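Scope of the values below: all heavy atoms of this structure, side chains included, with no hydrogens, waters or symmetry mates. Keep in mind the model is a prediction, meaning the values are calculated, not measured. Letters go in sequence order (proteins before strands), and every chain restarts at 1.
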Amino acid sequence: MPLSIATWNINSVRLRIELVAKLAREHQPDVICLQETKTPDDRFPLKDAAKFGYPHAAIHGQKGYHGVAILSKRPFESVSRQGFCDMGDARHISAVLGREAGLDAPLTIHNFYIPAGGDIPDPAVNEKFRHKLAFLDEATAWEALHPLAPGARSILVGDLNIAPLETDVWSHKQLLDVVSHTPIEVEKLGALQAAGGWVDVMRNFIPPQDKLFTWWSYRAADWAASNRGRRLDHVWASPALAPAATGLTVLREARGWERPSDHVPVIVSLDA
DNA sequence: ATGGTGGCACCGCCA
């Protein structure tokens with residue numbers, strides 16, 4: 001059964017619901033995972049989502065900041081939300097697709113929005129960077145406590161706010177001391193990935209020696225010409241699910257849509 | 001070399 005899953009940091013779902021509709025119209029992903037929805041649950045545009053083909057929604061939002069959501073054409077078997085660092089931040093939601101969704105075996109989707117971490121890459125002086133590192137540690141410990149069963153079909157997507165490879169940034173040397181590409185973050189992201197045994201699906205399709213970006217700053221005069229991007233958004237699959245991935249699209253053109261998000265959608269196709 | 005943009009809340013904070 002073909003199943004496609006998109007992940008996109010939308011930077012306000014209320015402001016950009018028409019861009020989500022455009023993604024839906026043009027690519028018809030079965031599932032759309034959103035980050036930075038920036039809205040409390042009672043103001044989430046559920047009716048619009050249903051109208052453009054996503055009647056099922058798992059949402060975890062808060063006022064003004066953060067917020068994650070999973071929109072789906074197919075029903076969920078269950079939904080859960082995990083809190084980290086006792087902050088009350090809405091940074092994770094997961095949903096299980098099963099028989100009712102047309103799958104023979106259940107598939108769990110984790111949607112994460114990892115803290116950005118502020119500007120100064122020093123946990124001693126920057127509380128936001130300290131929070132980012134603590135979040136990664138806590139998520140890693142959580143993974144270790146909840147190991148994937150052998151054969152479990154899980155996918156973890158989202159804005160992880162870290163570009164781990166040298167080719168995940170426009171200039172490795174110039175970004176070594178820039179939050180999102182510092183060695184400590186890369187190390188901790190690697191620990192999180194290893195704790196779950198996750199496979200970096202994007203890099204199975206785009207070789208690690210090739211540059212790969214999913215985010216371009218709003219602050220560039222011409223984002224496309226300067227192309228100073230970073231790969232902050234990720235698709236990780238459990239070892240059992242990874243071989244089921246049949247395709248990957250990084251929708252670079254979405255950065256040029258009207259009133260764009262600074263992130264673009266990443267769509268993975270599975271034979272699930 | 002610095003500052004550049006954008007969203008939301010509510011005129012600062014976060015990215």
Mind checking the [atom1] distance from [N] to [M]? Whole angstroms is fine.
N      : M      : atom1 : result
B/dC11 : B/dG7  : C1'   : 14 Å
B/dA9  : B/dC14 : C1'   : 11 Å
B/dA15 : B/dG4  : C1'   : 14 Å

Discussion item. What is the distance, to the nearest angstrom, from the CD1 atom on A/Ile10 to the P atom on B/dC8?
Written reply: 11 Å

Practice prompt. Rounded to the nearest angstrom, tell me the gap between atom CH2 in A/Trp215 and atom C1' in B/dG6.
Written response: 12 Å

Worksheet item: Does B/dG4 pair with anything, Watson-Crick or G-U wobble, both distances under 3.5 Å, and if so, with which nucleotide?
Response: none

Item to complete: Would you mind pulling out the nucleotide paired to B/dC10, Watson-Crick or G-U wobble, both distances under 3.5 Å?
Response: none

Worksheet, complete the sentence: Which of A/Asn161, A/Asp159, A/Asn111 passes side chain to side chain donor-acceptor pair (under 3.5 Å) with A/Gln35? It is A/Asn111

Item to complete: For A/Arg228, answer base if it contacts any base atom (sugar-phosphate contacts may also be present), sugar-phosphate if it contacts only those atoms, and nothing otherwise; contact means non-hydrogen atoms under 4.0 Å.
Response: nothing

Fill in: Criterion ring pair (Phe, Tyr, Trp, His ring centres under 6.0 Å) against A/Phe135, the qualifying member of A/Trp142, A/Phe129, A/Phe84
A/Phe84

Worksheet item: Shared ILVMFWY cluster between A/Tyr54 and A/Leu251, side chains joined below 4.5 angstrom?
Response: yes

Item to complete: Group every Ile, Leu, Val, Met, Phe, Trp and Tyr by side-chain heavy-atom contacts under 4.5 Å, then state whether A/Val68 and A/Ile155 land in the same group.
Response: yes

Practice prompt. Look up atom NZ in A/Lys188 and atom NZ in A/Lys132, then write down how far apart they are to the nearest 0.5 Å.
Written response: 12.5 Å

Practice prompt. Could you check A/Thr37 against A/Ala220 and say which one's nearest nucleotide on DNA chain B is further toward the 5' end?
Written response: A/Ala220

Fill in: Centroid-centroid distance, A/His92 to A/His110, less than 6.0 Å
yes

Worksheet item: Between B/dT5 and A/Ser217, is there an OP1 or OP2 to side-chain N/O distance shorter than 4.0 Å?
Response: no

Close N/O contacts between protein and nucleotides 9-15 of chain B (under 3.5 Å):
from   : atom 1 : to       : atom 2 : distance (Å)
B/dC14 : OP2    : A/Lys128 : NZ     : 3.2
B/dA15 : N6     : A/Arg219 : NH2    : 2.6
B/dA15 : N1     : A/Arg219 : NH2    : 3.0

